[in-house]
Every structure is written in C-alpha cells, then in structure tokens.
Amino acid sequence: MSPQSYFVTTPIYYVNAEPHLGHAYSTLAADILARHMRQRGADVFFLTGTDEHGEPIELAAEREGITPQELADRNAAKFEALMPIIDASNDFFIRTSDPRHSAKVAEIMQRVYDNGWVNKGVYEGWYCPRCADFKTERELGPGNTCPIHEIVLEKVREENWFFRLSAFQGQLEGLYEERPDFVVPDFRRNEAVSFIKGGLEDVSLSRPTLKWGLPLPWDPEQRMYVWFDALLNYVTALTFAREGEDLTDRFWPATLHVLAKDILKFHAVIWPALCLAADLEPPRRMTIHGYLLMGEKKMSKSLGNVLDPFEVIERFGADALRFYLFREVSFGQDGSISTAGFESRYETELANDYGNLASRVLAMVERYRDGTVPIAAVDVTLAEDFEGVVPRFSELLDRAELTQALEEAWKLVRRLNRFVEESQPWVLAKDEADPERLDEVLYNLVEGLRVTTLLLVPYLPASAETLLAALAEPERALADLGSRPGGQSVERIPALFPKIE
Ligand code: ME8
C-alpha cells in the first residue's frame, strides 16, 4: 500500500484533576489505531494533550489556593507522564497554555470574526462551571441540576460574543448527507444529525467574568469560552509540534478524532462549523466511544470512583490493561470494568490462551528441532481459518471497531490452541513416527503465532515485540500465513504473562 497520511487525535484533557482510566482509554484507542496504521506504512501523526483554560481549572486552583497556571503545570505533567506508562506512542503532547497555541488561536479566531461569523448579544441561561458548558432547559436534570455533575445550576445573564452557529445549519446538514461515516458509530451520527435538525442556536463565544482564558483578539476585555480554544488544538498543534516545520499541509484535515459521547455536540456540531467559519477543511471522521463504568456510574474525577491506571499497570503491565479495556468493553458502547473481571481475563486469555501457547510453541521447536523452524507446507485446515484475516482485521480498524478487530485476532489464538491439541506434536515426536508431519505442525504453529502476533502489535506492543524478537521476525507489516518459509532460529522466552500469585 502506498504511504498515506493518517492524523489521529484524542480529546485534550482538563487539568483540574489528575488523569484516570477514562483518559487512558481514549488515548489507548487512538494509540492502537496509530500503531496499526504505522504497520500499514501510513505517515502517522498521533496527537494528545491537555486543555488548560476555563472556569473548571480556575475554580479548582482557587480551592487549592494556587494559580491556575501552577495547577495546570502540575497536572499536565501527570498527563504527560501517563503516556509512556500506558505505552502511548503519541507524536506530540499539546498544552493549550503554550503561547504558540494562544497565538495561533488568536489568528484563527480573528479570521472567524473578519469573515463575519461573530455577533454581540446577551446570554441568559443555565451554566455548569464543571462542564464549562451552558445547558438548555431540555438538558437540565431535576431541580435545575447538571445531568452529568448533579449540582444545582445558576441562571446567568451576561453580555457575550456569539459564534453564529445557526448560520451553518444548512452546510452541516449537507456535510452529514455527503459523508455517511463522518461520525461513527451510526447511532452517534444519528444523535448529531437530530441535534442539528432540531435547529441550531448561536453559541456563546466569550465570557466577561472569566479570568483564566484567552482574550478575544478584537475585544481583549472578554475571555474566550474554553471550548473554542480547546477545539482549535487539533490544528494549532500541527503548526508548532515540529521545530521550524509546519505540518498542516501534510496532516490536515485530521483523519480521525477519538472521543467519548460526553463531548459529541462540541465535536460533531460546533467543530465542523468552526472549521468552515475559519476557512479550514472539517476533519474527515470522528469515532465516539462510550464510558467505562465502575458499579454503574460513569467513572469521573467529579463523581470519584476512580480506578488508578498507574496502580493497575504496576501490577499487571500496560499490555494487560490495554488488552482488558478493549476486550471487556465493546468499543463504542458503555461497559463495566472491575478488578475481578480484569484478573479473570488476564489468567484465562493472556496467561493461558496466548502466553502459554507462545511458551509451548517455542519450547517444542527447541526440544524437537533444536530451535530451528522446519521448512514445510501450510496446513490446509489451518489456512482456511487464516484466510483473509489481514484485510478483515484492517477493515474493522478502518471503521474503528477496536473490539471486533481484537476478537478476529483472538479467534486465531484459540484456533492455534486447538491445532496444538488436535495435532499432538508430543505424540508425533515419540520415536519420530512421522517426522514430516511433525515438521509441518511446528512450522504452522510458528507461522500462525507470527501472523497473529503481528496483528496484536497495537494492542500488546511490549509483549508482541518480545515474542516477535524470539521468533526472529524482522518485519512489522501484517502478513499472511505461509508468507515466511521457515528455517529461522527461534529462542525461548520467560512467560509473557506470568500467573498472578
Ligand atoms: O471534556 N470512560 O476533558 P475531560 C471513557 N477538555 N472515557 C472517558 C471517561 C470514562 N469514564 N472519562 C473521561 C474535556 N473519558 C475537554 C475536551 S477536546 C477539544 C476538549 C475521556 O478531561 C473521554 O475521551 O473531561 C472523554 O470524552 C474525555 O475523557 C473528557 O475529558
């Protein structure tokens, strides 16, 4: 396949609190896609970072008696440190308090203003300081509460600048008609479309009372509503991520934004309109995932109930966490996670199905063939089950079906285990009753393990590297069963996923 550019992003996370597993989840989804696309030879740029302005940060800093910048510095460092720990291969980490970002935002917003997409007006409505978002009457919970944070909201009335979102109604409807996969999965697309069809209102672009925000270039008394500053990160980052280089032409429009359903409206409605208003091409696509749930409630900084990714990784390793999250929770849906569920999948799937398979195969090649993989033919029945897996797997990931793609790979893991049981190499090895069949079985096991592990690289990057090195595999591109003839020397390795004590 010819190299092509692939720009994938995560939401930039608020620095009013520390990173939790929910943030790791979105980042890992983007990482899996980025790693997979690199294997396919694409020119990949993977962006993540932190959203550092706005009232939630201002309020959190005030509670702690420090400045917003101090709070931002402290927590942004924790988000940045999370990336290597979860093995995220991001190409850049943007911080919106970076002056290079601010300068670019001012330039773009001035263009929006000059193009005539901004109005002055009076805003009256329900504002949630934790969401940094206004709620419509329809959205309010009982007793005028925020449906997400369950806090009582105040009605505010203030002079604001407005972004003329309503003017983009027709263009947005047209965009959704032209591009059926602009938002996936479909049920999220339908939500966005029905929101648009319900009639768009202009949105508040600035707040006079906000202190911790970027000044509007044409009215510096007013501070920019954080969402405009935040959404623009996806384009500003490209202008300064590489010293002395502007990556915009190479990577914009973004191939894929990864985000959860909580910020669908901002990305699927406001963001494409803002792009149009700023003479930018809208992104190609976005994939909306659900929430990781612990005991039925959304796991969040505000509601507590946080599972610490640092702790999980310390015990089980990043690969195990990556695997569990995308195996247990069907990507796109909400799903519950638990320590018990985690341990059970670790034992049965990672340690037994995969780790044990790898150990057995390597051990048998060493014992029966002195560590050299026999040169033999592809087993016909095994070939049937591997047939077409590379395009099938790739197509699933093209649609951001991360759980289904993992299942495709795991079917092969299970198939290889059945192949061991059916062919019983230890019986064939007795007195070398049928040395050719033993050659064939060992060759096919190594080959199957190689092909499957190449698929698993994005999910289990560290373990896959270890195993591919042991299999003397120099390539990382996806491969078909039988594409390598055998003859290489393999090495035994310690258990990839040791049993939990
Ligand atoms: O909304 N399950 O930042 P944020 C799954 N700064 N994903 C979760 C999650 C959970 N329980 N909790 C959080 C913001 N996430 C804005 C975004 S983008 C231009 C600005 C993930 O810190 C998920 O991706 O509240 C969600 O959309 C995001 O974190 C919200 O992060």
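A quick note: this is a predicted structure, and the numbers were derived from the prediction, not measured. Counting convention: from 1, in listed order, for ligands and their atoms alike.
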Anything under 3.5 Å between a donor and an acceptor, one on a side chain of residues 171-178, the other on a protein residue two or more places apart or in another chain? List them.
{"residue": "E173", "atom": "OE2", "partner": "Q169", "partner atom": "NE2", "Å": "2.9"}
{"residue": "Y176", "atom": "OH", "partner": "A268", "partner atom": "O", "Å": "2.7"}

Within less than 4.0 angstrom of ligand 1, does [X] place any heavy atom?
| X | answer |
| --- | --- |
| K261 | no |
| W227 | yes |
| F266 | no |

Need the ligand 1 atom indices (1-based, order shown) with element for anything under 4.0 Å from a heavy-atom of [X].
| X | result |
| --- | --- |
| H20 | 12 (N), 13 (C) |
| S26 | 21 (C), 23 (C), 24 (O) |
| G290 | 5 (C) |
| D51 | 6 (N), 16 (C), 20 (C) |
| D262 | 26 (C), 27 (O), 30 (C) |

Does the Lys NZ or Arg CZ of R284 fall within the cation-pi geometry relative to Y6 - under 6.0 Å from the ring centre and within 45° of the axis?
no
If you take the nearest heavy atom of each of G49, A17, G22, which one is closest to atom 15 (N) of ligand 1?
G22
Derivation and outcome, side chain to side chain donor-acceptor pair (under 3.5 Å), residues E55 and Y127
CA-CA 11 Å; E55 203 167 8; Y127 182 76; 3.1 Å; yes
Hey, are D279 and N115 close enough side-chain-wise for a donor-acceptor pair under 3.5 Å?
yes
Can you find an N/O atom of [X] closer than 3.5 Å to an N/O atom of ligand 1?
| X | answer |
| --- | --- |
| Y14 | yes |
| L259 | no |
| L292 | yes |

For T452, enumerate each residue passing the side-chain hydrogen bond (donor to acceptor under 3.5 Å, both in side chains) test, keeping only those at least two apart in sequence or located in another chain.
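Result, side-chain hydrogen bond (donor to acceptor under 3.5 Å, both in side chains) vs T452: none returned.
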Does E191 come within less than 4.0 Å of K261, counting only side-chain N to carboxylate O?
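Answer for the salt bridge query: no.
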Is it true that R414 and E407 make a salt bridge, defined as a side-chain N closer than 4.0 Å to a carboxylate O?
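The answer is yes: the pair qualifies as a salt bridge.
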Quick one: does ligand 1 sit under 4.0 Å from the side chain of A260, the backbone, both or neither, non-hydrogen atoms only?
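Both backbone and side chain of A260 come within 4.0 Å of ligand 1.
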Ring centres under 6.0 angstrom apart (F168, W117)
yes
Would you mind telling me which of V226, T50, N75 makes a side chain to side chain contact (heavy atoms under 4.5 Å, CB included) with Y14?
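The side chain to side chain contact (heavy atoms under 4.5 Å, CB included) with Y14 is passed solely by V226 among V226, T50, N75.
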